[in-house]
Number of protein chains: 2
Amino acid sequence: MSEPPYKHEARSGCALANGLEILGDRWTILLIRDLMFTNKEEFGHFMQSGEGISTNILTDRLNRLQQYKLVNKLAHPSHGKKYIYELTERGQALAPLLIELALWAHHHVTDTLIPDKLYQMMINDKAGLYERVRNKEPIVIIDLKK
Amino acid sequence: MSEPPYKHEARSGCALANGLEILGDRWTILLIRDLMFTNKEEFGHFMQSGEGISTNILTDRLNRLQQYKLVNKLAHPSHGKKYIYELTERGQALAPLLIELALWAHHHVTDTLIPDKLYQMMINDKAGLYERVRNKEPIVIIDLKK
DNA sequence: CTGTATCCTTAGGGATACTG
DNA sequence: CAGTATCCCTAAGGATACAG
């Protein structure tokens, strides 16, 4: 279990219910997606992810993700004002969940795309995919949705 | 891909985003949980699942699940007025997703429980678990949350 | 450009009355 | 008991102005 990050006022003790209270909103998993599979790591990058999150919501979600200890916020190495956001191990541990969600949607929902390289790794090389997530090597550059 | 069920007005072509538009609300996955792992199959059973869904929302979510072809609604064999709800294959195909969500929450969120038998199967016998989901053999009787 | 704060709208959903 | 319909309220979140 390793010291959970966040004492949630849970609806029930069910693992699924509790997981959903952290992850089950309109934006959180999309941000984790960007951090996990693409080279997005700055505020402005997330803003460009096509689904059209607004600045206040992005700020709020990034803060929540830090509270839950799914994301670290680091000073940008060169730009004084910027920050870099990266997944913690706890956040990286969501990889299997995101993979299963993406595969299910790909197989069962219309007009649903996964970039080919990512799809191949999801099916044939999960170990390699996890390794790249751990090492923060993006599988997709810039954008997953097309 | 096998003829997707539902043409969704998607926010983007991303598989994750599209999956979330079907599954990403406060109740849907909890209903799928009940159908997948417990012996719940009637309207009243879902009402008793502890998280306190109200009747209008339950009706709405059961209808949506039918539209998405994740759930079948069958006439009850003995009670004329009742119906039986069961997962379709498309719904059963969500098992890996639910398992990964439950395991992540169990490992990373406080006060989060998975009934022991279910947990053991999630870790040691996924094939057996899928088999039981397919055969509609409940792993847990009545209630997952305690 | 990175956020934050404010305003305001809307959809989700709770309570509840009601029908078969 | 199964399910629907209505009312109402709150919280999520969009638009936007603003601050560092």
Side-chain angles (χ1 to χ4, degrees), chain A residues 8-12 17 20-35 39-68 70-86 142, chain B residues 8-12 17 20-35 39-68 70-86 142:
Chain A
H8 211 284
E9 67 306 325
R11 280 191 287 175
S12 76
L20 286 172
E21 288 181 43
I22 293 177
L23 304 169
D25 75 289
R26 198 174 168 76
W27 296 109
T28 298
I29 288 194
L30 297 185
L31 289 177
I32 294 168
R33 166 199 70 180
D34 287 345
L35 288 160
N39 58 338
K40 294 178 194 296
E41 54 182 11
E42 301 173 13
F43 193 93
H45 297 161
F46 307 124
M47 288 299 297
Q48 294 161 23
S49 283
E51 286 94 3
I53 193 171
S54 55
T55 58
N56 55 341
I57 303 298
L58 179 52
T59 296
D60 179 77
R61 289 308 124 88
L62 288 172
N63 287 336
R64 280 187 64 196
L65 285 169
Q66 288 175 76
Q67 285 181 5
Y68 297 140
L70 301 184
V71 162
N72 286 325
K73 180 181 187 174
L74 310 171
H76 192 290
S78 51
H79 294 65
K81 293 299 186 62
K82 282 188 175 178
Y83 293 94
I84 297 290
Y85 300 90
E86 62 170 23
I142 299 302
Chain B
H8 211 283
E9 68 306 323
R11 280 191 287 174
S12 77
L20 287 172
E21 287 181 46
I22 293 178
L23 304 170
D25 76 289
R26 195 173 171 78
W27 296 109
T28 298
I29 288 193
L30 297 184
L31 289 177
I32 294 168
R33 167 200 68 181
D34 286 346
L35 288 160
N39 58 337
K40 295 177 192 297
E41 55 182 11
E42 301 174 11
F43 194 92
H45 296 161
F46 307 124
M47 288 299 296
Q48 294 160 22
S49 283
E51 285 94 4
I53 192 171
S54 55
T55 57
N56 56 340
I57 304 295
L58 179 53
T59 296
D60 179 77
R61 288 309 123 87
L62 288 172
N63 287 336
R64 280 188 65 199
L65 285 170
Q66 287 175 77
Q67 285 182 5
Y68 296 141
L70 301 184
V71 162
N72 286 325
K73 181 180 186 174
L74 310 171
H76 192 290
S78 50
H79 294 66
K81 292 300 185 63
K82 281 190 177 181
Y83 293 92
I84 296 290
Y85 300 91
E86 61 170 24
I142 300 301

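Quick note on labels: first sequence line is chain A, next is B, and so on, each numbered from 1.
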Rounded distance (Å) that lies between atom P of dA5(D) and atom CG of Asn63(B): 10 Å
As a check of understanding: the bend across the helix from dC1(C)-dG20(D) to dG20(C)-dC1(D), end axes from five pairs, rounded to 10 degrees, works out to 30°
Side-chain heavy-atom pair Leu23(A), Ile32(A) within 4.5 angstrom cut-off: yes
Rounded to the nearest 0.5 Å, the NZ atom of Lys73(A) sits from the CG atom of Leu65(A) at a distance of 12.0 Å
4.5 Å side-chain heavy-atom contact, Ile53(B) and Met47(B): yes
Provide, to the nearest angstrom, the distance between the CE atom belonging to Met47(B) and the P atom belonging to dA2(D). 10 Å
Protein-nucleotide distance (Arg61(A), atom CZ; dT4(C), atom P), rounded to Å: 14 Å
Which nucleotide in the list dC1(C), dG3(C), dG13(D) gets nearest to the side chain of Tyr83(A)? dG3(C)
Round to the nearest Å and state the distance from Glu21(B) atom CD to dG12(C) atom P. 12 Å
Taking side chain as C-beta onward, heavy atoms only, is Trp27(A) less than 4.5 Å from Glu51(A)? yes
Expected string for nucleotides 14-20 of chain D under the B/S/- scheme (protein heavy atoms, under 4.0 Å, primed atoms plus P, OP1, OP2 as sugar-phosphate) is BBB----
Separation of atom CG in Asp25(A) from atom P in dG13(C), rounded to whole Å: 12 Å
Might you confirm whether atom OH of Tyr83(B) has over 12 heavy atoms from other residues, nucleotides or ligands at distances under 6.0 Å? no
Counting C-beta onward and ignoring hydrogens, is there a side-chain heavy-atom pair between Ile57(B) and Arg26(B) closer than 4.5 Å? no
Scan Tyr85(A) against the nucleic acid and name what it touches under 4.0 Å (heavy atoms): base, sugar-phosphate only, or nothing. sugar-phosphate
Interatomic distance where CG belongs to Asp60(B) and C1' belongs to dG3(D) [whole Å]: 12 Å
Taking the side chain as every heavy atom from C-beta outward, state whether Leu35(B) and Phe46(B) have any atom pair closer than 4.5 Å. yes
For the pair made of CG in Leu31(B) and P in dG13(C), what is the distance, rounded to whole Å? 11 Å
Does Lys73(A) put a side-chain nitrogen or oxygen below 4.0 Å from OP1 or OP2 of dG3(C)? yes
d(Arg64(B) CZ, Leu62(B) CG) to nearest 0.5 Å is 11.5 Å
How close or far is atom P of dC1(C) from atom CZ of Phe46(A), stated in whole angstroms? 16 Å
I'd like to check Glu86(B) versus Val71(B) (side-chain heavy atoms, cut-off strictly below 4.5 Å). Are they in contact? no
